[in-house]
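Labels below follow one simple rule: chain letters A, B, ... track the order of the sequence lines, proteins then strands, and each chain is numbered from 1.
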Amino acid sequence: MKPKKKRILVVDDDADILEVLKIILDSAGYSTASAAKGSDVYKKVKSFKPDLILLDVLLSGEDGRVICRNLKKGSGTKHIPVIMLSAHPEASRTINSYKADGFIEKPFDVDPFLDRIAALF
Amino acid sequence: MTIRTKILFPFIVFLMVLTGAFIFLIILVGTIGADARKTVLTAEQINSISMRIGLLRQQTSLSLLSFQNTGNDKYLQIIERNSEETNRMLTELKPLIPDRTGKQLLSRFELTFESSILERIKILEAISSGNYADASRRFSIWEVKNDNNYAALLDFMNYNLHSLEQSRAVYDRMLRMIQVSGVIMAAMAAVLIALLYLYLRKVITLPVRELSKAADRMSEGDFVPEFHIKSSDELGSLALKLQAMALNLKKYHAGLKSEVAKKERELKKSREFEAQKDDFMSIASHELKTPVTSLKVYLHILNEEIEKSGHTAYRRHLVKIEDQVGKITRLITGLLDVTRLQAGKMPFEMVPLDLKSIVSERVDVYRKISRHHEFKLNVRLRRKVKGDADRISQVVDNLISNAVKYSPPGSRIIVSVKNGKTSATVGVRDFGIGIGRNHHEKIFNRFYRVTNRNQKTFPGLGIGLYLSRQIIKSHKGDLWVDSEKGKGAAFFFTIPYYHAKMEL
């Protein structure tokens, strides 16, 4: 029996990034959903029930790190791993206090990126 | 008048007044004092002689009585002798009498004395002629005359005693006067000294104090001190010079102030500009990263598509695109690094490092990339250093890539790691175009590039060496160049050794 596809929720306010992430994740055999802002994330987490969330740090509106902390507080969402993305390398130093599970710097090479995600499952 | 004259003049006056007063006092004591003393002494002498005369007078009277009773001639001889003695004393006494009353009293005594002597002679004549009745009558007369004479002597002596007392009183008054004048002189000297002090204060102390206050005010930046010194001495001219200086300083200060303000404005502007530039670079490089991320993903997809479709002929184009995207990524990363270093926000993860493996790994990478250069690696290192592996690797990479970029294919590139006393030294030597001495320090400035019209230009932003040096400085190390134009270049940097006690 074919294993169930892992579900990844991708959060970024840049439509181009959302698109390319969706392409490579889909082609790598994941099921993906996307959100552009905080309020969407909480809805999508409930409806889509992701196994992993890829969360951009600098979002317009609610900051990605705040969303991460809220998710890690909620009893129904704290078990979901969260990997944060940012073009600012120094952001990696701040994510620990928001309980994120990892950090990937933009721009990234596709193969190491996919290896990193595969390692989580 | 000069200050010297102003000080000397009152001093001389002071000394002259004091000396004059002293001499005056000495003369006063010497003359009047001596006069008074002489008067007293004379009076005493007169008194003593008068008393002797008085004694002789009494002896004479007694002798005459004895002669009358006994008729013995020796009494007559005594009387004769006494008269001569009295006469002698009178001649001695006369010139001593200082005043008119004294002389009158003495003359009265002389007259009565002579009169009594005459009477006595007449008595003696009556006795010798045997006329005893006449002698007896004359004796009674002589007694009266003798009494008168004695009274005159007493008057004279009383008067003389009185003048002696007066002279003593004068003498005492003189002594008191001398004492009082001594006290007055001391008081005068005190007053003179006080006046002298006030004078010197006015002439020297007050002007000097005013000048000093003016100088203080000037040093506090008040350059228009007003002077009340109007004297024509050195202090007056100093005041005028100080005033002139104050005016000059004021002008100079005002000029300087506006100059400083101008420079401050310029500096502020240039700082603002720098800050804007840094902000711009931070935002720009961040914004560039998003499209680069997309590009990389699409390149990846294209690569997979080419693999699947078998159109491998396009692959070499894709490799070129990937190279260029890689270059753009490195440039963006470099720019971001510069911005972060400027803002002091570059994170360093300091750990004990094996410098040998970092350097040899980089050399291995370049052996593959740049097959046209001959790489030589000399490593002699026993200890670990303290540092951020990625950043040190970045520095080594930068130095080797520069060596490759600025030296001709086929030439050697020697990379060495050596032991120092407290730190390890890494060296990268090439045999390329070299760097002129005038550029040695400038090449470490950000965005500095050696440009030469006759020389081929090399691509780059001019941030590699700047970043490298800043990274090494953050490791408490040093980075420098040893090179001459046309003779290749050698770059060295040091990294302190790791100690177990070190704070990481």
Quick one: pull up CD1 in A:Ile24 and NZ in B:Lys296 and give me the separation to the nearest 0.5 Å. 11.5 Å

Considering only heavy atoms, give the residues of residues 107-121 of chain A separated from chain B by less than 4.5 Å, sorted numerically, with 'none' for an empty result. A:Pro107, A:Phe108, A:Asp109, A:Val110, A:Asp111

Note: vs chain A, highest number of non-hydrogen pairs under 4.5 angstrom among B:His300, B:Met346, B:Glu287 is B:His300

Considering residues at least two apart in sequence or located in another chain, which fulfil the side-chain hydrogen bond (donor to acceptor under 3.5 Å, both in side chains) criterion with B:Glu307? B:Arg315

Does any backbone or side-chain atom of B:Thr329 lie under 4.5 Å from a heavy atom of chain A? Answer side chain, backbone, both or neither. side chain

Write down the atom of A:Glu105, the atom of B:Lys289, and the distance for their closest heavy-atom approach. OE2-NZ, 3.3 Å

Residues, nucleotides or ligands: over 12 heavy atoms within 6.0 Å of B:Phe280 CZ: no

B:Glu349 atom CD: more than 12 heavy-atom contacts under 6.0 Å: no

Would you mind checking which part of A:Asp16 comes under 4.5 Å of any heavy atom in chain B, side chain (CB onward), backbone (N, CA, C, O), both or neither? both

Could you tell me which portion of A:Leu21 (side chain, backbone, both or neither) has an atom closer than 4.5 angstrom to a non-hydrogen atom of chain B? neither

A:Ile17 side chain reached by B:Thr290 side chain, heavy atoms, under 4.5 Å: yes

